Engineer: 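Structure provided below as structure tokens; questions to follow.
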Amino acid sequence: MEYDVIIAGGSYAGMSAGLQLARARRKVLVIDAGQRRNRFAASSHGFLGQDGRAPGDIAEDARRQLMAYPTVQWVADTVTGACKEADGFSLETVSGDRYSAQRLLLATGVIDDLPDVEGLAQRWGKSVFHCPYCHGYELDQGPIGVLATSEMSLHHALMLPDWGPTTFFTNGVFEPAPEQRASLAQRGVTLVQERVERIEGDRANVVLADGRVVLIDGLFVLPRTRVANSLAASLGCAFEDGPLGAFIQTDMTRETNVAGVFACGDAAMPFGSVALAVGDGVRAGSGVHRSLIFSAH
């Protein structure tokens with residue numbers, strides 16, 4: 001085998017896993033296309049020791065530290081296919097190159113499928129967010145909006161008053177039941193059921209179909225997510241249905257149902273953040289290492 005482990009995806013989870021394997025002096029290849037999920041955001045919050053830093057700076061520091069280990073190699077590419085062989089896995093990339101390894105770790109992340117509302121996508125990560133813990137504090141208790149994408153958004157709307165006065169735009173997605181309305185009222189949430197026409201302005205002002213404009217400093221949505229690469233499905237990995245989309249199913253060591261294939265980070269969790277991804281990478285990296293020592297496959 002050319003490598004002990006190939007890591008498909010070199011964002012926070014993939015690099016964190018790679019660091020554990022590098023420190024175990026294992027030969028590791030990271031294949032990454034440079035499409036971090038949080039590349040749209042100017043700053044990252046809630047990660048102890050890194051709070052407020054630019055996500056790209058955190059990732060660049062991590063990569064520099066990882067690449068200081070002589071057994072790690074990095075390829076800027078995308079894995080397009082993988083097949084299981086008698087003693088491991090063979091992978092092919094967009095560039096047509098082939099690599100082989102005893103173990104495969106999927107850290108490909110997810111894609112956020114945003115609501116189709118004019119003006120929303122270009123504000124994603126700037127004044128439109130999904131995580132209150134990551135971005136709520138910086139709104140400085142200003143007016144906040146929640147745009148419904150499913151009934152799960154009710155949970156979002158009930159959380160966000162801790163960060164500022166909150167308006168919940170149901171946008172025809174669902175009709176709150178009487179007890180749900182009561183919960184919203186108890187939290188001081190303003191309920192707006194008029195259809196949202198577009199998002200505009202320097203922040204995220206909400207223009208309604210009747211012409212009204214609701215001034216908002218930050219708008220929160222819960223987009224559906226999907227695993228960013230078809231590798232897991234093509235290898236036969238099992239998936240688990242989460243509240244926002246399917247994710248790769250793993251055991252406690254982060255191994256999938258396919259022997260020798262591991263997964264970590266947003267692609268293998270129902271929810272994600274930089275801090276969670278880094279911690280999950282530690283667990284996956286050590287799990288992969290132990291499998292190389294103790295597992296028969």
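Predicted model only: the values in this text are computed from it and were never measured.
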Engineer: Do Gln73 and Tyr3 pair up side chain to side chain, a donor and an acceptor below 3.5 Å, judged on atom types alone?
Structural biologist: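 Side chains of Gln73 and Tyr3: pair found under 3.5 Å.
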Engineer: Side chains of Glu200 and Asn205: is there a donor and an acceptor less than 3.5 Å apart?
Structural biologist: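 No, because no side-chain N or O of Glu200 sits under 3.5 Å from a partner of the opposite role on Asn205.
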Engineer: At what distance, to the nearest 0.5 angstrom, does CD1 of Ile31 lie from OG1 of Thr78?
Structural biologist: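 Taking CD1 in Ile31 and OG1 in Thr78, the distance rounds to 9.0 Å.
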Engineer: According to the salt bridge (charged side-chain N to carboxylate O under 4.0 Å, His left out) rule, which pairs have a member within residues 129-143, sequence neighbours left out?
Structural biologist: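 Counting only pairs at least two positions apart or across chains, no salt bridge (charged side-chain N to carboxylate O under 4.0 Å, His left out) contact touches residues 129-143.
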Engineer: Can you measure from OG (Ser11) to CZ (Arg39) and round to the nearest 0.5 angstrom?
Structural biologist: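 If we round to the nearest 0.5 Å, Ser11:OG and Arg39:CZ are 10.0 Å apart.
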Engineer: Do Leu19 and Val72 pass the side chain to side chain contact (heavy atoms under 4.5 Å, CB included) test, and can you show the C-alpha distance, the side-chain angles, and the key distance before you say yes or no?
Structural biologist: CA-CA 9 Å; Leu19 184 60; Val72 181; over 6 Å; no
Engineer: Show me the side-chain donor-acceptor pairs of residues 110-117 shorter than 3.5 Å, one per line, residues at least two apart or across chains.
Structural biologist:
{"unit_1": "Asp112", "atom_1": "OD1", "unit_2": "Arg37", "atom_2": "NE", "d": "3.4"}
{"unit_1": "Asp112", "atom_1": "OD1", "unit_2": "Arg37", "atom_2": "NH2", "d": "2.7"}
{"unit_1": "Asp112", "atom_1": "OD2", "unit_2": "Arg37", "atom_2": "NE", "d": "2.9"}
{"unit_1": "Asp113", "atom_1": "OD1", "unit_2": "Arg226", "atom_2": "NE", "d": "3.0"}
{"unit_1": "Asp113", "atom_1": "OD1", "unit_2": "Arg226", "atom_2": "NH2", "d": "3.1"}
{"unit_1": "Asp113", "atom_1": "OD2", "unit_2": "Arg226", "atom_2": "NE", "d": "2.9"}

Engineer: For Ala259, does its backbone N or O pair with a side-chain atom of Lys84 as donor and acceptor, under 3.5 Å?
Structural biologist: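 Yes, Lys84 side chain to Ala259 backbone: donor-acceptor pair under 3.5 Å.
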Engineer: Please examine the side chains of Gln102 and Leu292, heavy atoms only from C-beta on, and report whether any two atoms are closer than 4.5 Å.
Structural biologist: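 With C-beta onward as the side chain, the pair touches.
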Engineer: Evaluate side-chain hydrogen bond (donor to acceptor under 3.5 Å, both in side chains) for Asp97 paired with Ser95, printing each intermediate quantity in order.
Structural biologist: CA-CA 6 Å; Asp97 297 320; Ser95 301; 4.7 Å; no
Engineer: Quick one: list whatever passes side-chain contact (heavy atoms from CB on, under 4.5 Å) with Ala238, sequence neighbours left out.
Structural biologist: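 Partners of Ala238 under the side-chain contact (heavy atoms from CB on, under 4.5 Å) test: Gln249, Asn257.
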Engineer: Does CG in Asp202 sit with more than 12 non-hydrogen atoms of other residues, nucleotides or ligands closer than 6.0 Å?
Structural biologist: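 No.
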Engineer: To the nearest 0.5 Å, what is the distance between CG (Asp266) and OG1 (Thr225)?
Structural biologist: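 So the gap between those two atoms works out to 8.0 Å.
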Engineer: May I ask you to check whether over 12 heavy atoms, not counting those of Tyr137, lie within 6.0 Å of atom OH?
Structural biologist: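 No, the 6.0 Å shell around OH holds no more than 12 heavy atoms from other groups.
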Engineer: With distance as the sole test, does Asp251 use its side chain to make a donor-acceptor pair with the main-chain N or O of Arg254 at under 3.5 Å?
Structural biologist: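 It does hold such a pair.
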Engineer: Ignoring hydrogens and geometry, is there a side-chain-to-backbone donor-acceptor pair from Thr149 to Leu222 under 3.5 Å?
Structural biologist: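 Such a contact is found between Thr149 side chain and Leu222 backbone.
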Engineer: Is it true that, when you exclude Gln186 itself, more than 12 heavy atoms of the residues, nucleotides or ligands shown sit nearer than 6.0 Å to its CD?
Structural biologist: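 No, the 6.0 Å shell around CD holds no more than 12 heavy atoms from other groups.
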Engineer: Answer whether the closest heavy-atom distance between the side chains of Ser44 and Gln50 falls below 4.5 Å.
Structural biologist: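 They are not in side-chain contact.
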Engineer: Show every salt bridge (charged side-chain N to carboxylate O under 4.0 Å, His left out) that has at least one partner inside residues 53-74, sequence neighbours left out.
Structural biologist: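 Found Arg53-Asp61, Asp61-Arg64.
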Engineer: Can you confirm whether Val5 sits close enough to Leu104 that some side-chain heavy atom of one is under 4.5 Å from a side-chain heavy atom of the other?
Structural biologist: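 Counting from C-beta outward, Val5 and Leu104 never come under 4.5 Å.
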Engineer: With rounding to the nearest 0.5 angstrom, report the CD1 to SG distance, Ile7 to Cys264.
Structural biologist: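 Going from the CD1 atom of Ile7 to the SG atom of Cys264 covers 7.5 Å.
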Engineer: Which side chain to side chain donor-acceptor pair (under 3.5 Å) pairs, counting each pair once, include a residue from residues 156-170, with sequence neighbours left out?
Structural biologist: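 Applying side chain to side chain donor-acceptor pair (under 3.5 Å) to every pair that reaches into residues 156-170, excluding sequence neighbours, yields Asp162-Arg187.
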Engineer: Go through the structure and list residues passing side-chain contact (heavy atoms from CB on, under 4.5 Å) with Ala76, not counting sequence neighbours.
Structural biologist: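 With sequence neighbours excluded, Ala76 shows a side-chain contact (heavy atoms from CB on, under 4.5 Å) to no residue whatsoever.
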Engineer: Can you tell me if Ser291 and Arg103 form a side-chain donor-acceptor pair at under 3.5 Å?
Structural biologist: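 Looking only at side-chain atoms, Arg103 and Ser291 do form a donor-acceptor pair, the distance falling under 3.5 Å.
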Engineer: If only side-chain N and O atoms count, and only distance matters, is there a donor-acceptor pair under 3.5 Å linking Ser43 with His45?
Structural biologist: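 The answer is yes; a qualifying pair exists.
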Engineer: Between Glu92 and Val79 (side chain of the first, backbone of the second, donor and acceptor by atom type, cut-off under 3.5 Å), is there such a pair?
Structural biologist: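 Side chain of Glu92 to backbone of Val79, a donor-acceptor pair under 3.5 Å: no, none is there.
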Engineer: Show every side chain to side chain donor-acceptor pair (under 3.5 Å) that has at least one partner inside residues 121-136, sequence neighbours left out.
Structural biologist: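 Applying side chain to side chain donor-acceptor pair (under 3.5 Å) to every pair that reaches into residues 121-136, excluding sequence neighbours, yields nothing.
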Engineer: Under the 3.5 angstrom rule, does the side chain of Gln180 hit a backbone N or O of Ala177 as a donor-acceptor pair?
Structural biologist: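 Confirmed, Gln180 side chain pairs with Ala177 backbone.
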Engineer: Can you measure from CG (Leu91) to OG (Ser100) and round to the nearest 0.5 angstrom?
Structural biologist: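 Output value for this atom pair is 9.0 Å.
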Engineer: Measure the CZ-SG distance between Phe220 and Cys134 for me, rounded to the nearest 0.5 Å.
Structural biologist: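 Phe220 atom CZ to Cys134 atom SG measures 9.0 Å (nearest 0.5 Å).
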Engineer: Answer with yes or no whether the side chains of Tyr12 and Asp280 bring together a donor and an acceptor at under 3.5 Å.
Structural biologist: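 No, no side-chain donor-acceptor pair sits under 3.5 Å.
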Engineer: Using every non-hydrogen atom in the two residues, find where Leu139 and Asp217 come nearest and quote the distance to one decimal.
Structural biologist: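 Of all heavy-atom pairs spanning Leu139 and Asp217, the closest is CD2-O, 3.8 Å.
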Engineer: Checking Ile293 now: which residues fulfil side-chain contact (heavy atoms from CB on, under 4.5 Å) with it, not counting sequence neighbours?
Structural biologist: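 With neighbours one apart ignored, the set is Arg26, His289.
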Engineer: Under a single-linkage rule joining Ile, Leu, Val, Met, Phe, Trp and Tyr whose side-chain heavy atoms are separated by less than 4.5 Å, which residues share a cluster with Val207?
Structural biologist: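 Val213, Leu215, which link up through side-chain heavy atoms under 4.5 Å apart, make up the rest of the cluster.
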Engineer: Judged by modelled atom types alone, do Ser90 and Arg98 share a side-chain donor-acceptor pair under 3.5 Å?
Structural biologist: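 The criterion, which ignores hydrogens and geometry beyond distance, is satisfied for Arg98 and Ser90.
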Engineer: When you look at Trp74 and Leu29, which way does the side chain to side chain contact (heavy atoms under 4.5 Å, CB included) test go after all the steps?
Structural biologist: CA-CA 6 Å; Trp74 188 289; Leu29 174 65; over 6 Å; no
Engineer: Does any pair with a residue in residues 228-243 pass side chain to side chain donor-acceptor pair (under 3.5 Å), and if so which ones, sequence neighbours excluded?
Structural biologist: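 Qualifying pairs, neighbours excluded: none.
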Engineer: When the side chains of residues 268-279 are checked against the rest of the protein, which donor-acceptor pairs come out under 3.5 Å, sequence neighbours left out?
Structural biologist:
{"unit_1": "Ser273", "atom_1": "OG", "unit_2": "Leu276", "atom_2": "N", "d": "3.2"}

Engineer: Can you sort out the partners of Arg181 under side-chain contact (heavy atoms from CB on, under 4.5 Å), two or more places apart, ordered by chain and number?
Structural biologist: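 Testing Arg181 for side-chain contact (heavy atoms from CB on, under 4.5 Å), a comparison that skips the adjacent residues, returns Glu175, Pro176, Leu191, Gln193.
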